[in-house]
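Read through the structure below, which is laid out as structure tokens, and then see the notes.
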Amino acid sequence: MIAQELHDLLKTTFGEAILEAKIDGVFDPFVTVAPDRIADVARFLRDDDRTQFDSLMCLSGVDLTKGNLAVVYHLHSTKRNHKFVLKAVVPAANPRVQSVASVWRMADWNEREAYDMYGIIFDGHPDLRRILMPDDWEGFPLRKDYQVPEFYNGMKVPY
Amino acid sequence: MKTFLLELLNNEVLVYTLMAIMPLIWVIPFALFAVWWERKISAHMQDRLGPMYTGGWHGWSQTIADIAKLIQKEDIIPTAADKKLFMLAPYVVFTGSYAAYAAIPFAASYVGSEINIGLFYIISISSLVVVGLLMAGWASNNKWSLFGALRSAAQIVSYEVPVALSLLAVVMVVGTFDLQEINHLQTGPVWNWLVFQKFPLLLFACLIYIVASLAEVNRTPFDLPEAESELVGGYHTEYGGMRFALLFLSEYANMFAVSAIAVSLFFGGWNSPFGDFLSGHWLLDLFWFLSKGMALIFVQMWLRWTLPRLRVDQLMYVGWKVLVPFSFAIILGIGVWVLAAGQ
Amino acid sequence: MEVTLTDVEPGRRPATIPGLGRPLRAEEMVISMGPQHPSTHGVLRLELVVDGEIVVDVIPHIGYLHRCFEKHCEHMSNYQQVIPYADRMDYVAAMSNEFGYVVAMEKMLKIQVPERVEYIRVIMAEFSRIISHLIAIGTYGLDIGAFTPFLYCMRDREHVLDIIEETCGARLLYNYMWIGGLSHDVKPSFQKQVSEFCTYFRPKIKELNDLLSYNKIFIERTANVGVLPGDVAINYGASGPVLRGSGVKWDLRKNDPYSIYDRFSFDIPVGQGLKGKVGDCWDRYMVRVHEMEQSTNIIEQAVAQLPEGDVQSAIPKRIRPEAGEIYVRTETPKGDLGYYIVSDGTASPFRIKVRPPCFINLSALPAMCRGAMIADVVAILGSIDIVLGEVDR
């Protein structure tokens with residue numbers, strides 16, 4: 001299925017939840033989905049016969065600056081061999097997105113990583129803890145406004 | 001030997017002490033040599049050279065340097081360990097493996113203790129090793145050590161059964177527990193060796209014994225108690241310095257002990273394989289006995305550097321469901337044979 | 001009555017372990033496997049909840065080798081500087097990491113690289129597949145308790161490393177593939193050396209099979225252990241030999257060809273459950289062995305067709321991609337390595353996210369380990385073939 005058809009399909013199924021789309025002039029066409037509906041969209045894309053996105057390739061957090069964070073979902077289907085990109089944009093002040101870990105288990109650790117690096121809270125995630133940084137680390141290092149702390153547990157950080 | 005020493009010294013206590021120490025003259029140099037030898041064998045099997053620099057020819061003094069290093073090391077005891085048990089365990093292990101040497105006939109004229117239940121004694125005294133290993137694993141207060149100790153206890157106890165049964169098959173044939181007497185029975189050419197008697201029943205008994213004894217001494221493919229890739233070091237994870245050296249030493253002492261039993265029972269002991277040729281003198285006896293033992297040790301090393309390791313449930317399967325039934329079948333067969341031949 | 005540790009020893013141990021999601025039962029013991037453990041292939045820490053020798057649950061803890069790859073990338077002054085860092089992710093197959101990154105950047109910058117560069121890159125990427133699989137197979141033997149195959153693998157690996165060393169001067173971290181070209185052209189003797197290696201290497205695979213793959217004990221230890229069914233593997237996002245071992249015929253070199261992989265003929269080996277169920281450790285192991293053969297085939301074809309040319313003619317003077325984003329994935333020895341690159345139109349990257357195949361394959365470990373024995377955890381972990389440099393980045 002090509003991107004335009006996918007977009008139309010989502011638009012007719014979910015209507016208001018599909019916020020924005022960019023199909024032409026980009027390397028990977030994407031649609032932006034309301035963060036509180038992303039799990040429904042994901043489940044639909046996985047289960048629907050026309051789409052069959054059985055695998056999540058990549059889940060990334062991005063700091064869009066200007067007070068916004070984004071979660072980017074790169075999907076692909078091993079059965080139909082097509083790709084698609086979903087995005088969810090959330091305010092950095094209150095970054096809450098629905099978890100898709102129940103749809104693709106691959107999202108489990110990647111959502112933990114996005115939480116670790118950007119502080120994005122995934123509602124419904126079974127075990128949202130830091131994964132790469134130490135458990136008692138303060139702040140979210142990949143945010144653009146992140147300041148490296150002077151000390152961590154008495155150890156000097158910048159060297 | 002004993003009578004000679006008694007005449008010389010005229011003091012029983014001194015003589016027995018001397019007789020007890022004598023195998024040490026063999027065990028310690030043997031362990032040093034065997035470690036070096038194993039490193040060389042593994043190296044040549046793996047397309048490399050092994051130790052080459054310490055000492056002169058092919059790094060012969062490498063293990064001596066290792067031991068010198070281990071002796072100098074600080075004796076570290078983990079704070080949470082059970083101190084007394086932790087310190088005692090290596091000695092118990094070594095005692096268990098060394099005590100077996102008392103009944104092993106090295107030559108026609110030398111056996112540490114001429115007891116008529118030698119074989120029985122060896123089987124029972126070598127079980128002391130398990131106690132030591134359990135002590136080591138428990139006292140270390142380390143979960144990996146504990147796992148190693150539990151595994152080795154389960155393993156050694158299970159494999160005692162096929163070991164004892166396969167030895168029992170020999171005893172049924174020769175009708176004695178005295179190792180020296182068993183050796184005397186095998187004098188003559190190769191086909192007098194017990195491994196070829198009651199063919200092929202004792203040959204199978206011998207194979208069962210060799211497989212089960214590998215498990216007894218924790219060698220690959222049965223090296224689960226110290227499986228490095230699973231249990232780090234097993235029961236000796238927390239040991240260092242001299243105590244570790246002692247555990248290591250008793251491991252090699254054990255290897256030779258089980259090989260010596262196999263040699264005595266199946267491969268003619270100190271007898272020359274050529275009948276009367278090259279036999280008679282105690283030095284020749286010693287030569288034949290030790291070289292047969294070393295040949296079996298080579299087999300153990302060969303297996304170690306070729307085979308992967310079994311899992312704990314597969315180990316139990318091999319022990320209880322393969323080796324034990326087969327050794328029972330052999331005993332039954334020998335019993336029938338002996339009865340039929342007797343009538 | 002079920003006794004929990006909360007009743008028994010309130011002060012000494014936490015009754016719930018983070019990640020377990022339930023209180024510990026009285027008969028359960030928690031063992032910390034790693035970060036210093038011979039079989040965790042680096043600084044991985046697994047908390048094993050065991051009942052005797054049976055593993056009830058596994059809680060992986062990663063991050064001990066976290067080197068802030070993504071944070072560093074955002075602070076680079078240009079895109080070229082990322083390449084040495086990419087090397088350090090999967091350090092046993094560094095060429096593959098560079099390959100994925102330069103393919104992504106060239107697509108973003110719309111650069112057409114010379115034919116010769118493409119061929120050399122493919123040869124190098126397949127070499128890195130061979131050396132990575134040799135490490136995976138050798139250390140897998142170690143995990144199972146067979147020491148000798150490891151050194152045979154290291155011996156064969158030396159030959160590849162020698163060829164790579166003569167080409168770019170480094171043996172581990174190469175910085176060889178640049179955006180638009182290569183740092184050095186190959187030596188004149190390169191073609192001869194590579195063909196010699198291919199004829200040398202094929203019998204060695206057979207030797208390895210005789211020594212390890214078809215060893216009875218090895219099969220007993222790996223067949224029917226850690227079974228990962230195909231649909232579960234896809235759901236976990238598993239890729240590379242882990243996915244193909246589960247019987248899913250998915251290889252980006254065929255399914256989503258990049259570079260010039262569509263010009264070569266080669267097979268995709270998949271797990272068939274010859275010794276046990278499809279998707280067990282033996283299948284995953286065997287996929288790697290067959291992949292080494294296929295890589296040798298590709299190298300032979302590529303080296304025979306190697307065209308002449310200048311390897312640096314397409315290297316751009318300034319790298320300043322237009323604002324935009326791209327996601328490119330390539331098939332590395334461990335699986336699908338993806339780069340999600342966001343550019344804001346300046347010379348330094350705005351965001352580079354890596355999809356590390358090891359990280360995602362490792363997340364399937366607890367599912368494979370439940371109900372297995374401690375020795376199986378080692379076998380399963382080895383069959384996933386992780387490199388902590390890539391898991392932690």
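As the structure is a computational prediction, the values presented were derived from the model and not from experiment. Side-chain atoms are counted along with the backbone in the values below, which use heavy atoms only and exclude waters and symmetry mates. Every chain is numbered from 1, with letters handed out A, B, ... down the list of sequences.
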Using non-hydrogen atoms and a 4.5 Å limit, figure out which bit of C:Ile360 sits close to chain A: side chain, backbone, both or neither. side chain

Rounded to the nearest 0.5 Å, what's the gap from OH on A:Tyr146 to CD on C:Glu74? Could you check? 12.5 Å

Neighbour count >12 (heavy atoms, 6.0 Å) for atom OH, C:Tyr261: yes

Gap separating the CG atom of A:Asn81 from the CH2 atom of C:Trp250, nearest 0.5 angstrom: 4.5 Å

Using a cut-off of under 4.5 Å for heavy-atom pairs, which of A:Arg105, A:Glu113, A:Lys144 has the most such pairs with chain C? A:Arg105

Closest approach of A:Cys58 to C:Arg355 (non-hydrogen atoms, all atoms of both residues): SG-CB, 4.0 Å

At what distance, to the nearest 0.5 angstrom, does NZ of C:Lys353 lie from CG of A:Asn110? 4.5 Å

For A:Ser55 and C:Gly237 the tightest heavy-atom approach is OG-CA, 4.1 Å

Quick one: do A:Leu142 and C:Glu70 satisfy side chain to side chain contact (heavy atoms under 4.5 Å, CB included)? Show the steps, please. CA-CA 8 Å; A:Leu142 278 183; C:Glu70 288 164 17; 3.5 Å; yes

Residues of residues 34-42 of chain A with any heavy atom under 4.5 Å of a heavy atom in chain C: none

Measure distances from A:Arg112 to the heavy atoms of chain C and classify the residue's part below 4.5 Å as side chain, backbone, both or neither. neither

Proximity breakdown for C:Leu65 and chain A, heavy-atom pairs closer than 4.5 Å: neither

If you tally heavy-atom pairs under 4.5 Å against chain A, which of C:Arg393, C:Lys107, C:Lys249 wins? C:Arg393

Does any heavy atom of chain A fall under 4.5 Å from the side chain of C:Phe359, the backbone, both, or neither of them? both

So, the part of A:Arg130 with a heavy atom under 4.5 Å from chain C: the answer is neither

Side-chain heavy atoms of C:Pro60 within contact of A:Trp109, under 4.5 Å: yes

For the residue pair C:Lys71 and A:Pro141, what are the closest heavy atoms and their distance? NZ-O, 2.7 Å

Contacts with chain C made by residues 72-79 of chain A (heavy-atom distance under 4.5 Å), listed by residue number: A:Val72, A:His74, A:His76, A:Ser77, A:Thr78

Whether the side chain of C:Asn235 engages the backbone of A:Leu56 through a donor-acceptor N/O pair (distance < 3.5 Å, no angle test) should be reported. no

Identify which part of A:Asp54 has an atom lying under 4.5 Å from any heavy atom of chain C, answering side chain, backbone, both or neither. both

What distance separates A:Asp28 CG from C:Tyr340 OH, expressed to the nearest 0.5 Å? 8.5 Å

If one checks every heavy atom of C:Ile352 against chain A at 4.5 Å, the contacting part turns out to be neither

Could you tell me which portion of C:Val328 (side chain, backbone, both or neither) has an atom closer than 4.5 angstrom to a non-hydrogen atom of chain A? neither

What's the shortest heavy-atom distance between A:Phe27 and C:Glu325, and which atoms? CD1-O, 3.4 Å

Considering only heavy atoms, which portion of C:Asp344 lies under 4.5 Å from any heavy atom of chain A: side chain, backbone, both, or neither? neither

For chain C, find which of A:Met117, A:Met106, A:Arg46, A:Met133 contributes the most heavy-atom pairs closer than 4.5 angstrom. A:Met106

